[in-house]
Amino acid sequence: MKYALVTGASRGLGRAIAIRLAKDGFYVIVNYNHSEEAARQVLEAIEQSGGCGELMRFDVSDAAAVEAAVEAWEAAHPEEYISVLVNNAGIRQDNILVFMTDEQWHSVLNTTLDGFFYLTRRLVKNMMTHRNGRIVNVSSVSGLKGMPGQCNYSAAKAGIIGASKALAQEVAKRKVTVNVVAPGFIETDMTQDIPLDEIKRVVPLGRIGKPEEVASLVSFLASDESAYITGEVISINGGIG
Ligand code: NAP
């Protein structure tokens, strides 16, 4: 059995990624923070389609919570290790910079960057020991070109790209790959307050993306077939890059 952990898997992209990885044959650890009922439904969907997995609640930006959750999992699975990590959990707290509060700045950076750091540092060690691992980090078109009203989010999503490229070089010799997916506008709770009908007019492919399309890309990057790809950022945005 191969184990994959997906952060922020209770809703949106993480949900679709968890369900897809389970279909690919992974035992999927479904991380969530607040949405327990939604996370349960993800696990049910996995089990109904013949897959298996478990729930793991922690706030990715809380170092002690990450440590406690991973330690408990390892104690319960002494012979196993997590070979696929998808750092997907993320939040938006938009505001133009002149009005941005400390809380808006730090909450967004902490969720994306501290979340990546605490969990990846903890899990990459075992991947290196086993000389096998896939880390996929979810950035955004905002991290590549910046978006007005999103200095915090753009900084976090650009930061995750730099960190991924550095880590990719640190762990390549141990056959661990680190890649980034950078979605454009995808229909989830996060984009509920965005006028998607107007936005799709400026998307060359003429529509908003689906979570399952991002999940399909992550599935490839988590698979054995992607073994020669590392340190890359792959955009999935209908052509708005
Ligand atoms: P979403 O629908 O708002 O879902 C966010 C998920 O992240 C939820 O499952 C939430 O869990 C989890 N989460 C948030 N903070 C967390 C924390 N501190 N610890 C653990 N889990 C946490 O968002 P989404 O659209 O699926 O976005 C997923 C990722 O894709 C994010 O990194 C986002 O920035 C990125 N992205 C999205 C789009 C888009 O258009 N949707 C575009 C580019 C990039 P709980 O509800 O359980 O707290």
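First listed ligand is number 1; within each ligand, the first listed atom is number 1.
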Contact partition for S139 relative to ligand 1, non-hydrogen atoms under 4.0 Å: backbone

Shortest heavy-atom approach to atom 9 (O) of ligand 1 - which of A89, A9, G14, S10: S10

Carboxylate-amine/guanidinium proximity below 4.0 Å for R92 and D189: no

From N179, V136, V218, L221, residue fulfilling side-chain contact (heavy atoms from CB on, under 4.5 Å) relative to I234: L221

Identity of the nearest option to atom 37 (C) of ligand 1, non-hydrogen atoms only, from N110, L13, V30: L13

Pair N33, R57: side-chain N/O donor-acceptor within cut-off below 3.5 Å: yes

Best match, N88, V181, N237, V138: closest heavy atom to atom 31 (C) of ligand 1: N88

Under 3.5 Å side-chain donor-acceptor pair for T7 and N87: no

Sole residue of T177, I135, L167 in side-chain contact (heavy atoms from CB on, under 4.5 Å) with T230: T177

Check: F26 and M1 side chains under 4.5 Å, non-hydrogen atoms: no

Protein contact to atom 6 (C) of ligand 1 [nearest heavy atom, distance to 0.1 Å]: G8 O, 3.7 Å

contact_flag S142 ligand 1 heavy-atom lt 4.0 Å: no

Location of contacts on F58 toward ligand 1, heavy atoms closer than 4.0 Å: backbone

Heavy-atom gap I91 to ligand 1 smaller than 4.0 Å: yes

Option whose closest heavy atom lies nearest to atom 47 (O) of ligand 1, chosen from G12, A39, S35: S35

Straight-line distance of D94 CG to I96 CD1, nearest 0.5 Å: 11.5 Å

Sub-4.0 Å heavy-atom approach of K157 to ligand 1: yes

Interfacing atoms of ligand 1 (cut-off 4.0 Å, heavy-atom, G90): 5 (C), 7 (O), 14 (C), 31 (C), 32 (O)

Atoms in ligand 1 flagged as close to Y32, the criterion being non-hydrogen separation under 4.0 Å: 47 (O)

Region of N31 engaging ligand 1 - heavy atom pairs below 4.0 Å: side chain

E213 and R207 ion-paired at < 4.0 Å: yes

N/O donor-acceptor pair under 3.5 Å between S139 side chain and V180 backbone: no

Single-linkage hydrophobic cluster V84~L55, side-chain heavy atoms < 4.5 angstrom: yes

Distance-only side-chain donor-acceptor flag, Q93 / W105, under 3.5 Å: no

Option of least heavy-atom distance to atom 42 (C) of ligand 1 (set: G209, G184, S140): G184

Contacting atoms of ligand 1, where contact means under 4.0 angstrom from a heavy atom of D59: 17 (C), 18 (N), 19 (N)

Test of proximity, T191 against ligand 1: N or O pairs below 3.5 Å: no

Short N or O distance, V60 and ligand 1, threshold 3.5 Å exclusive: yes

Enclosure of K23 NZ (heavy-atom neighbours >12, cutoff 6.0 Å): no

Atom 23 (O) of ligand 1: the protein heavy-atom neighbour that sits closest, reported with distance to 0.1 Å: M190 CB, 3.5 Å

Ligand 1 atoms in contact with F185 (distance to a heavy atom under 4.0 Å): 40 (O)

Common cluster, F58/Y32, ILVMFWY with side-chain heavy-atom separation under 4.5 Å: no

Distance-only N or O hit between ligand 1 and T111, under 3.5 Å: no

Minimum-distance protein heavy atom relative to atom 24 (P) of ligand 1: T188 OG1, 3.6 Å

Heavy-atom nearest neighbour of atom 1 (P) of ligand 1 within options H34, R11, E187: R11

Electrostatic pair E36:R40 at N-O distance under 4.0 angstrom: yes

Atom indices of ligand 1, in the order listed, that fall short of 4.0 Å to a heavy atom of Y153: 33 (C), 34 (O), 35 (C), 36 (N), 43 (C), 44 (C)

Nearest neighbour in protein (non-hydrogen) for atom 40 (O) of ligand 1: I186 N, 2.8 Å

Contacting atoms of ligand 1, where contact means under 4.0 angstrom from a heavy atom of P183: 42 (C), 43 (C), 44 (C)

Basic-acidic side-chain contact under 4.0 Å: E74, R122: yes

